[in-house]
Each structure stands twice: as structure tokens, then as C-alpha cells.
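Whatever order the structure lists them in is the order used to number ligands and atoms, beginning at 1. Counting begins at 1 with the first residue of the sequence. Bear in mind that the values here come from a model prediction, so they are computed numbers and not experimental data.
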Amino acid sequence: MKILLVSVNNEKDPYPVAPLGAAYVAAAVKACGHEVRLLDLCFAEDDAGAIEDALKGFQPEVIGISIRNIDNLTYNRNVFYLPRIKNVVNFIKRRTSVPVVAGGSGFSIFPEEVLRFLGLEFGISGEGETAFTAFLDDMGKGGRNIQDIPNLCCLRDGEFRSNGRRYTDVKQKPDRGFLDNRVYLEQGGMANVQSKRGCPFHCTYCTYPAIEGNILRLKEPGAVVEEIKEMITDYGLDYVFFVDDIFNFPEPHAAEICETMLLSGLDISWACFATPKGMTPQLALLMKRAGCKGIEFGSDAGTKKTLNGLGKDFSTDDIRYAADCCRHISLPNAHYVIIGGPGEDPATIKETVSFFGKIAPTAVILLTGLRIYPNTQLHEMAVSHGVISRNRNLFEPIFYVSPEIDMDAVLQDISRHASCNRNWIVPSLNIGCDSNTLKLLRKMGLKGPLWDML
Ligand code: B12
Ligand code: SF4
């Protein structure tokens with residue numbers, strides 16, 4: 001069959017990110033013998049024109065839409081991406097009547113809402129490799145067994161049905177031949193790679209377990225390094241971001257990847273997300289020797305009370321120790337901090353600000369308010385704390401702000417504080433993350449996440 005995948009994401013803030021998920025799905029579909037094309041709308045000046053061109057020369061029999069982002073999670077400067085995506089889908093539906101299937105991380109958080117909003121019948125929630133190929137197989141046979149297709153969601157006659165989840169074998173590899181690697185490297189300063197799927201932790205606000213599952217599935221370190229080697233030799237990609245929810249957990253897996261990188265003599269720079277828990281001087285050094293240029297810690301708060309409210313399983317001592325491990329070897333480290341979560345009050349804010357001032361990391365990325373997602377503990381907390389009513393629709397972005405604080409006053413204080421502390425980045429106030437400055441730094445050829453340059 002002829003399959004067209006359309007990646008609709010065109011967000012370029014904080015930088016454009018290559019549609020890695022679509023490249024995984026494209027590889028799996030191609031391996032089943034289908035003819036696949038991937039239309040990436042990230043840099044398209046005219047969505048309709050790009051779609052028109054893609055349809056004209058190809059005439060696909062099934063179209064898959066990859067939906068990465070629902071909204072930008074930014075309190076005060078929120079962007080809801082779905083109205084534009086609806087225009088894209090409507091244009092496709094006007095031009096062709098072939099089945100259109102939605103998928104992607106954004107879709108997986110809100111499968112029913114997205115299908116209703118976009119007026120689509122089918123979607124795949126969670127990983128797409130096995131599920132989408134099973135869907136195509138079934139379509140080729142007349143579409144009679146859709147109830148057996150894992151991860152499939154279906155909206156028929158107003159009724160939403162969702163089949164059970166099944167996880168894909170992590171031996172799958174993306175096909176980067178479908179990606180515009182050079183443009184992403186130039187404009188985004190990095191390529192992306194994955195060394196595991198799933199997160200076993202239970203932070204109260206987090207959607208990641210709903211997207212990738214709670215069970216850790218580790219890729220074989222040798223296979224990860226082999227993939228990176230191909231990225232360098234086949235596409236000239238010399239800076240990668242590990243998109244794993246947490247790179248340094250479990251620690252032996254992270255260490256083995258670094259050791260294998262060193263043994264293979266890879267010349268690559270990289271960055272990753274990490275947890276402060278279990279960070280050691282040995283691992284930090286090993287990561288640095290293997291090419292790590294920056295670690296982004298999901299530290300979240302600087303007090304026991306707020307760490308508890310966010311469901312974190314580490315302490316402020318763990319955060320301090322992780323920052324020390326990096327500082328001692330001059331490894332740039334940024335810490336995401338969330339202000340306004342459950343348990344936050346004026347005293348905890350003061351303590352958190354003072355804590356991150358003392359540990360003095362390379363950057364503090366301060367997020368204000370917490371986007372409330374379905375099927376999270378935070379949703380239950382938001383209802384019981386009177387922040388929202390139980391029947392409040394969560395699809396259009398809504399944020400948890402602790403009832404014990406006045407967020408407008410807090411933002412003013414933070415703005416004052418950040419103006420005297422150049423290592424503070426506050427997206428909701430556009431402090432330290434101005435997109436023109438970031439673009440300029442990219443034009444100067446700078447790679448990596450850039451928070452160490454600001
Ligand atoms: C790594 C990451 C980042 C990194 C990216 C680094 C890089 N160079 O790639 C950084 C920090 C830059 C980042 C930024 C942002 N991110 Co982010 N990010 C992630 C993360 C952790 C992993 C994404 C990833 O690459 N996954 C690996 C790939 C292989 O998986 P996948 O894309 O999900 O694809 C699979 C399935 O979804 C499915 N699939 C995908 N496409 C299709 C298509 C079809 C047809 C089918 C059937 C299936 C299918 O199959 C794929 C293979 O199994 C996710 C959370 C998560 N665990 O998913 C958030 C996530 C994607 N990010 C999110 C957001 C919002 C953002 C930002 C807007 C935040 C901000 N304001 O800065 C920006 C946007 C950046 C941009 N330009 O688009 C949200 C999106 C959902 C939402 N809430 O709207 C997520 C889900 C996190 C969350 N809070 O819920 N992000
Ligand atoms: S915030 Fe990080 S550690 Fe916590 S559940 Fe989400 S991905 Fe896992």
C-alpha cells in the first residue's frame with residue numbers, strides 16, 4: 001500500500017525538533033513492504049500547498065498524522081496547537097477520502113478529545129510501530145478486525161472505543177532517511193536519539209507513563225551506539241539529545257552506553273534529561289568523557305513539602321549532590337523547577353529560590369503553574385483542592401496553581417529575581433529564552449540546548 005505520514009508539528013521554540021516518532025513509524029511501515037513518504041510540515045510556509053504537492057505525486061491509500069504537541073505548557077504564554085492541526089486535517093479530508101489515522105505523543109494523552117476535535121475516526125494511542133502496521137494489514141484485508149488491533153482508538157457514530165495497549169519491541173530503529181537532518185541540525189542544533197522507553201516513577205503531574213508506559217524497556221547499549229555511529233557517518237549529525245524520560249536511570253544502563261561510546265571512539269556531543277537521584281561523581285565523569293555537554297535535571301523544587309506534592313522520590317540533598325557532581329567537573333547542568341504545585345506557599349517559594357541560588361547550577365529553568373492532564377494524580381488533587389471542577393475539560397490548557405499563592409505577585413517577584421540572576425530562564429515571562437536570541441546563536445553555528453550560553 002502507499003502510505004503518507006504527515007508530521008504536523010511546526011513549533012520552533014525552544015528549537016525545531018526532528019519528528020523522531022514518525023521516523024520510527026515510517027521505518028516499521030517500510031519494513032512491512034509498504035511504500036512510505038513522510039511530509040514534515042515543520043518548515044512549510046504553506047501547509048495546504050505542501051499537502052497538495054505531497055498528495056498529487058503519490059495518491060496514498062492511508063494517511064497517518066503525527067501529533068506531537070497539544071499545547072506549549074507555558075503558563076501566561078499558552079499556545080494551543082489543535083486549531084491549526086484541524087485546518088490541516090480538513091484540507092486533507094477535502095482532497096481525499098482515504099482513511100486518516102492520528103498518532104503521536106500529544107494524541108496519546110487525549111485520544112478521544114483529539115478524534116472529536118479533528119473529526120477523525122481512527123487513532124493509535126501510544127507506540128505506533130506494531131499498531132499502525134497491524135492497522136494497515138487489516139485495511140488491506142477489508143478492515144474487518146479493527147477490534148483486535150492494539151492501541152487502536154475509534155470514534156464511530158459518536159461513540160469512542162479504545163483497544164488495549166501493547167508495547168513495541170525496543171529493537172525497532174527509526175529511519176532517518178525520512179528526516180530533513182541537515183535543516184534540523186542547523187536550526188535546532190541537535191539530532192535526537194532514544195535509549196529506552198517507559199518511566200517507572202509516579203510524579204503526580206506527569207503524562208510520560210501514559211505515553212510510553214510504566215515499564216522500563218532498555219535498548220541494548222551496543223545497538224544505541226551503533227545507531228549514533230550511523231547518524232554521524234550517514235547524516236553528519238554530531239550533536240544529539242537523548243529523548244529518554246530519564247537518561248541516568250537505571251544507572252548501569254547509562255554507564256554502559258557511555259562506556260560503549262568511549263570504546264567505539266565516537267566523536268559526538270550530547271545532552272539529556274536526568275534525575276538527581278542516584279547521580280554519582282563517577283557517572284557524571286563517565287558521561288562527560290563520553291561527550292555529554294549538558295544535563296537537564298528534573299529537580300522540580302527546593303523543599304521537602306513541594307517535592308512531596310509533586311510526587312518526587314528524591315530529596316533536596318540528592319539535588320544538591322547531583323549539582324555538586326557536575327560542578328566539580330565543570331559539566332554544565334540545568335535544573336527544571338516548578339513553582340505553584342501542590343503544597344506551594346510563599347515560604348516554600350522563598351526556600352526553593354534560595355536553595356537553587358545556593359547550589360548555583362549553570363541554569364535554572366523555572367516553570368510556573370502545572371498543566372493539568374487527565375489520568376494524573378494532579379487532576380484529582382486539582383479537583384479536591386478546589387482549583388478546578390471535576391467536569392472541567394482539560395483538553396484546552398488549564399493550569400494548577402496552589403490556592404495558597406497569588407501567582408501574579410509571584411511572577412513579579414520572580415521577574416525581579418531573574419533580572420539579577422542571569423542563569424534563570426523563565427519561559428512564562430520570556431526571560432532568558434527570547435527566540436530571536438536563540439535563532440541568532442544558532443546562526444552563529446552554536447549547537448546543543450543553549451541554556452549554557454545565555
Ligand atoms: C525529549 C522531549 C523534548 C525535548 C526534545 C529534544 C529533541 N531534540 O528531540 C525538548 C526539551 C526540546 C522538548 C521541547 C518541547 N516539548 Co517535549 N518532550 C520530549 C519527550 C520527553 C520525548 C519526545 C520523543 O522524542 N519521544 C520519542 C519518540 C520516538 O516517541 P513519539 O514521538 O511519542 O513517537 C511514538 C508514538 O507517539 C507514535 N507516533 C508518533 N507519530 C505517529 C504517527 C502515527 C500515524 C502513528 C500511528 C503513531 C505515531 O509512535 C512513535 C514510536 O513509538 C516527550 C514526552 C514523552 N515521553 O513522549 C515530551 C513532549 C512530547 N513534549 C511536550 C511539549 C509540550 C514540548 C514543548 C512545547 C514544551 C515547551 N514549551 O518548550 C516543546 C516543543 C518543542 C518542539 N519544537 O516541538 C509534550 C507534548 C504533549 C503536550 N502536552 O502538548 C510531551 C508529550 C511532554 C508532556 N508534558 O506531556 N521536548
Ligand atoms: S516527571 Fe520524569 S520521573 Fe517523573 S514520572 Fe515523569 S518522566 Fe518519570
Side-chain angles (χ1 to χ4, degrees), residues 3-29 38 42 62-74 77-82 100-110 122-133 135-136 151-152 167-168 170 172 174 184 188-194 197-214 239-246 249 271-275 277 296 298 300 310-314 336 365 367 371 373 376 397 427-428 433 449:
I3 315 300
L4 177 66
L5 292 173
V6 182
S7 172
V8 287
N9 182 28
N10 70 351
E11 180 56 86
K12 297 177 191 67
D13 194 8
Y15 46 84
V17 299
L20 184 63
Y24 268 101
V25 175
V29 172
L38 170 57
C42 188
V62 175
I63 298 178
I65 311 274
S66 183
I67 303 174
R68 183 193 195 276
N69 301 326
I70 296 293
D71 60 286
N72 69 350
L73 308 177
T74 309
R77 292 172 60 222
N78 209 267
V79 182
F80 186 49
Y81 303 109
L82 266 290
V100 177
V101 185
S105 47
F107 175 76
S108 306
I109 303 172
F110 289 105
F122 297 116
I124 304 278
S125 170
E127 291 160 310
E129 294 93 333
T130 313
F132 192 48
T133 48
F135 176 86
L136 297 176
N151 303 5
L152 186 76
Y167 294 106
T168 298
V170 285
Q172 303 273 345
Y184 279 104
M190 272 172 293
N192 37 22
V193 69
Q194 193 176 43
R197 287 188 181 170
C199 176
F201 298 104
H202 298 279
C203 304
T204 54
Y205 56 87
C206 186
T207 56
Y208 294 17
I211 302 168
E212 299 184 13
N214 284 111
Y239 205 125
V240 299
F241 192 92
F242 278 94
V243 297
D244 308 9
D245 300 341
I246 306 175
F249 182 84
C272 64
F273 292 135
T275 170
K277 192 183 169 85
E296 300 188 1
D300 284 11
L310 298 167
K312 300 316 252 193
D313 75 330
F314 49 79
Y336 286 94
I365 304 173
L367 311 175
R371 168 72 157 99
Y373 286 109
T376 58
S428 59
C433 52

On the ring face of Phe80, is Arg371 found with NZ or CZ under 6.0 Å from the centre and within 45° of the axis? no
Where ligand 1 meets Tyr24 - atom numbers and elements under 4.0 angstrom, heavy-atom basis: 29 (C), 52 (C)
Checking side-chain polar atoms at under 3.5 Å, does Tyr167 have a donor or acceptor matched by the opposite partner on Asn151? no
Full working for side-chain contact (heavy atoms from CB on, under 4.5 Å) between Ile63 and Val6: CA-CA 7 Å; Ile63 298 178; Val6 182; 4.0 Å; yes
Distance filter under 4.0 Å to Tyr373 heavy atoms, resulting ligand 1 atoms: 82 (C), 83 (N)
Check each heavy atom of Val243 against ligand 1 and say whether those closer than 4.0 Å belong to the side chain, the backbone, both or neither. both
Proximal ligand 1 atoms for Asn72, defined as those under 4.0 Å from one of its heavy atoms: 68 (C), 69 (C), 70 (C), 71 (N)
Please could you name the atoms of ligand 2 that Cys199 approaches to less than 4.0 Å, counting only its heavy atoms? 3 (S), 5 (S), 7 (S), 8 (Fe)
List the closest protein heavy-atom neighbour of atom 6 (Fe) of ligand 2: residue, atom name, distance to the nearest 0.1 Å. Cys206 SG, 2.3 Å
For Phe273, the ligand 1 atoms with a heavy-atom partner under 4.0 Å come out as 1 (C), 2 (C), 11 (C), 21 (C)
Please work out, at 4.0 Å between heavy atoms, whether the side chain, the backbone, both, or neither of Glu296 comes within that distance of ligand 1. neither
Counting heavy atoms only, which part of Arg371 comes closer than 4.0 Å to ligand 1: side chain, backbone, both or neither? neither
What part of Asp13 sits under 4.0 Å from ligand 1 if we count only heavy atoms: the side chain, the backbone, both or neither? backbone
Looking only at heavy atoms, is any part of Gln194 under 4.0 Å from ligand 1, and if so is it the side chain, the backbone, or both, or is it neither? side chain
Please step through ring-ring contact (aromatic ring centres under 6.0 Å, His included) for the pair Phe249 and Phe201, ending with a clear verdict. CA-CA 11 Å; Phe249 182 84; Phe201 298 104; 4.9 Å; yes
I would like to know whether Phe122 and Phe135 meet ring-ring contact (aromatic ring centres under 6.0 Å, His included); could you show each step before the answer? CA-CA 10 Å; Phe122 297 116; Phe135 176 86; 5.1 Å; yes
Whether Phe273 and Phe241 hold their rings parallel, tilted or perpendicular, with breakpoints at 30° and 60°: perpendicular
Quick one: look at Leu73 and ligand 1, take heavy-atom pairs under 4.0 Å, and tell me if it's side chain, backbone, both or neither. side chain
Test your reading of the structure: does Gly128 have an N or O sitting under 3.5 Å from an N or O of ligand 1? yes
Quick look: Thr207 vs ligand 1, heavy-atom contacts under 4.0 Å, and the answer is side chain
Using a 4.0 Å cut-off to any heavy atom of Ile124, which atoms of ligand 1 qualify? 47 (C)
Gly64 heavy atoms, cut-off 4.0 Å: which ligand 1 atoms fall inside? 45 (C)
Mind checking the SG-CG spacing from Cys206 to Asp300? Nearest 0.5 Å is all I need. 9.5 Å
Does an N or O anywhere in Ser105 fall below 3.5 Å from an N or O of ligand 1? yes
Ligand 1 and Tyr208, any nitrogen or oxygen pair closer than 3.5 angstrom? no
If you take the nearest heavy atom of each of Cys206, Gly103, Gly123, which one is closest to atom 44 (C) of ligand 1? Gly103
Close-contact set for ligand 1 against Asn9 heavy atoms, below 4.0 Å: 76 (C), 78 (O)
contact_flag Arg197 ligand 1 heavy-atom lt 4.0 Å: yes
Starting from atom 23 (C) of ligand 1, locate the nearest protein heavy atom and write down its residue, its atom name and how far away it is, to 0.1 Å. Arg68 NH2, 4.1 Å
For atom 8 (Fe) of ligand 2, does an N/O/S atom of His202 lie at less than 2.8 Å? no
For atom 7 (S) of ligand 2, the protein heavy atom that lies nearest, with its residue and separation: Tyr208 CD2, 3.3 Å
Check ligand 1 against Glu212 and write out every atom of the ligand that is under 4.0 Å from a heavy-atom position of the residue. 56 (C), 57 (N), 58 (O)
Using a 4.0 Å heavy-atom cut-off, which part of Arg77 comes near ligand 1: side chain, backbone, both, or neither? neither
dist Gln194:CD -> Asp244:CG (nearest 0.5 Å) comes out at 6.0 Å
Below 4.0 Å, non-hydrogen atoms only: which portion of Ile246 touches ligand 2? Side chain, backbone, both or neither. side chain
For the side-chain hydrogen bond (donor to acceptor under 3.5 Å, both in side chains) test, which of Glu127, Gln172, Glu212 pairs with Arg197? Glu127
For atom 32 (O) of ligand 1, which of the options Ala131, Ser428, Gly21 provides the nearest non-hydrogen atom? Gly21
Indicate, as side chain, backbone, both or neither, the part of Phe107 found under 4.0 angstrom from ligand 1 when only non-hydrogen atoms are considered. neither
Heavy-atom distances under 4.0 Å decide this one: backbone, side chain, both or neither, for Glu11 against ligand 1? both
Show which atoms of ligand 2 fall inside a sub-4.0 Å distance from at least one heavy-atom site of Lys312. 1 (S), 4 (Fe)
Per-atom contacts, ligand 2 versus Asp245 - under 4.0 Å to a heavy atom: 7 (S)
Judged by non-hydrogen atoms, does Phe273 sit under 4.0 Å from ligand 2? no
Cys203 contact mode with ligand 2 (heavy-atom cut-off under 4.0 Å): both
